[in-house]
Undergrad: 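After the structure tokens below, expect a handful of questions from me.
Numbered from 1 within each chain, the chains take letters A, B, ... in sequence-line order.
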Amino acid sequence: MREKKKPVPIALLAVLVLLLPAEATAHIVKGEAIGFVSGLEHPISGLDHIIAMVAVGLWGAQLGAPAIWLLPVTFPLIMACGGFLGLIGVPLPGSEIAIALSGVCLGAAVLSEFRPPLWIAAVLVGMFGLFHGYAHGAELPPGQNALLYSMGFVLATGLLHVTGITIGLVHRWHCGRLFLRGMGAAIMCGGIYFLRAALA
Amino acid sequence: MSRPTQRGLVYTAIAMATLAPTSAQAHLTATGMGPFYDGISHFSLSPEDFLPVIALGFLAGLRGTRTARALLAILPLIWFVAGLLTMQGLVVPNVVLSSATALLFLVIGGLLAANAKAPLVLIAAVGATLAIVRGIADLTGIAESSTSLLTLMGMCASVFTIFALAASATLSLERLWLIVAARVCGSWVAAVGLLLAGWILRYGAAIG
């Protein structure tokens, strides 16, 4: 009887080669890779920021057109305005409380499927975006690559919105609407937790 | 224990040769492929160059064929002239180039985000300013030893190609969500410009 070939040792050898520790120093200009990664990490470094960004997307999806596309176009710009203010050192007191409040208010809006006129929704979201951007701008570490950091920062913020909008697309189904309202409740609870911490 | 097959050994040898750890030095000024490709690689690895060119391409494409064609001619030509002048000794302080680049990000991104019905003259003026600023900055940023006319031509060829691709991608857009996606890109570019401006005000010249 012919013995069946077993490729296991070769596969094992290939895996061992793959696991050889090697440093991939492709873009080796000092600080640049750190700049992009730091920028990408910054908006997702705090849960208070994440829940608010996702809530904006969820609410936009609930509100439908034109809010669903107006918010992702305007929000990064307003947030960058806040970042600009933080960078140049303009004082904006109570930003941590406003950030926590954004979770409470946006969560409540998603929970209750609140449908205000578009301009009120835009002002509310814009105001909170300004505080979120300000907190990021004020905390910005020196010595990084500015362009790559900014690119990472904006990309991460935009992708959080896209995540929220994508999840929010389940709004077309009845159980999806219930699911979104549940998420709104969870976001609101998170906001209350952060508000308590900010006020303590 | 079974013996490895001949084919398996060959594959393993290829895998080992491919995966052998070596340093990939992407940002070397000279790629080893000659000055023309040095120019292409410099442009391709510089987001301060290709991001506004792509955004301008989207904007020109949304404004129609006439605008796109006009900028396709203007952009690489002025980029080339600005680079040529820098090679002849034109010097502009880095902080001016950085600030102008941040402002151009903001203007181009803002116009695209708003899908502004800007006239051809305005868009052409913005494009010309971008070409002047980045043409000078690119040639200032490259080591003198590797600067040559072919390097500059490589950059301008990249500008032409990337702009043409971006503009043609948006020229035929009819679906609303695709236009919105282009506008979101503009919003992101403008946001990057705004953060860059804040950074420059806080720390000084930020990019080359």
Side-chain angles (χ1 to χ4, degrees), chain A residues 3-11 13-14 16-18 20-29 32 36 39 65-66 68-70 72-81 83-89 133 136-137 140 142-151 153-155 157-158 161-162, chain B residues 1-5 7-9 11-12 15-28 45-48 51 98 101-102 105-106 109-110 112-115 176-177 179-181 183-203 205-208:
Chain A
E3 193 185 337
K4 195 180 173 185
K5 287 176 184 171
K6 293 178 183 173
V8 176
I10 293 168
L13 195 61
L16 284 172
V17 172
L18 277 171
L20 277 176
E23 192 182 0
T25 48
H27 291 248
I28 196 165
V29 179
E32 286 200 350
F36 182 75
I68 194 168
W69 58 261
L70 188 71
V73 171
T74 53
F75 195 89
L77 267 175
I78 296 168
M79 204 167 153
C81 286
F84 178 80
L85 294 176
L87 269 165
I88 62 173
H136 289 307
L140 226 53
Q144 306 275 11
N145 181 295
L147 180 64
L148 291 178
Y149 184 95
S150 305
M151 281 168 59
F153 178 87
V154 172
L155 192 67
T157 304
H161 287 147
V162 173
Chain B
M1 186 179 160
S2 65
R3 290 174 61 193
T5 60
R7 185 182 286 182
L9 282 172
Y11 285 157
T12 309
M16 286 179 79
T18 310
L19 297 167
T22 53
S23 56
Q25 296 163 324
H27 278 273
L28 279 180
L45 294 170
S46 306
E48 60 269 35
L51 273 183
S98 286
T101 304
F105 265 69
L106 194 57
L112 177 59
N115 196 9
L176 179 67
W177 73 269
I179 295 171
V180 169
R183 292 179 64 182
V184 168
C185 289
S187 164
W188 290 7
V189 168
V192 168
L194 202 54
L195 288 172
L196 213 52
W199 200 296
I200 291 166
L201 285 172
R202 184 161 165 177
Y203 298 117
I207 48 172

Undergrad: Can you confirm whether S187(B) sits close enough to T74(A) that some side-chain heavy atom of one is under 4.5 Å from a side-chain heavy atom of the other?
TA: no
Undergrad: List the atom of L194(B), the atom of A80(A), and the distance in Å for their closest heavy-atom pair.
TA: CD2-C, 3.6 Å
Undergrad: Mind checking whether L195(B) and F153(A) have side chains closer than 4.5 Å, heavy atoms only?
TA: yes
Undergrad: Rounded to the nearest 0.5 Å, what separation is found between the CZ atom of F84(A) and the CG atom of L196(B)?
TA: 11.0 Å
Undergrad: Rounded at 0.5 Å granularity, tell me how far CG in L51(B) sits from CG in L147(A).
TA: 7.0 Å
Undergrad: Could you list the residues that satisfy side chain to side chain contact (heavy atoms under 4.5 Å, CB included) with L155(A), not counting sequence neighbours?
TA: F36(A), L40(A), L159(A), W188(B)
Undergrad: Any idea which of G110(B), P47(B), A114(B) has the most non-hydrogen atom pairs under 4.5 angstrom with chain A?
TA: P47(B)
Undergrad: Please give me the minimum heavy-atom distance between G137(A) and R202(B), naming the atom from each residue.
TA: O-NH1, 3.4 Å
Undergrad: Identify, with sequence neighbours excluded, every residue that meets ring pair (Phe, Tyr, Trp, His ring centres under 6.0 Å) alongside F75(A).
TA: H161(A)
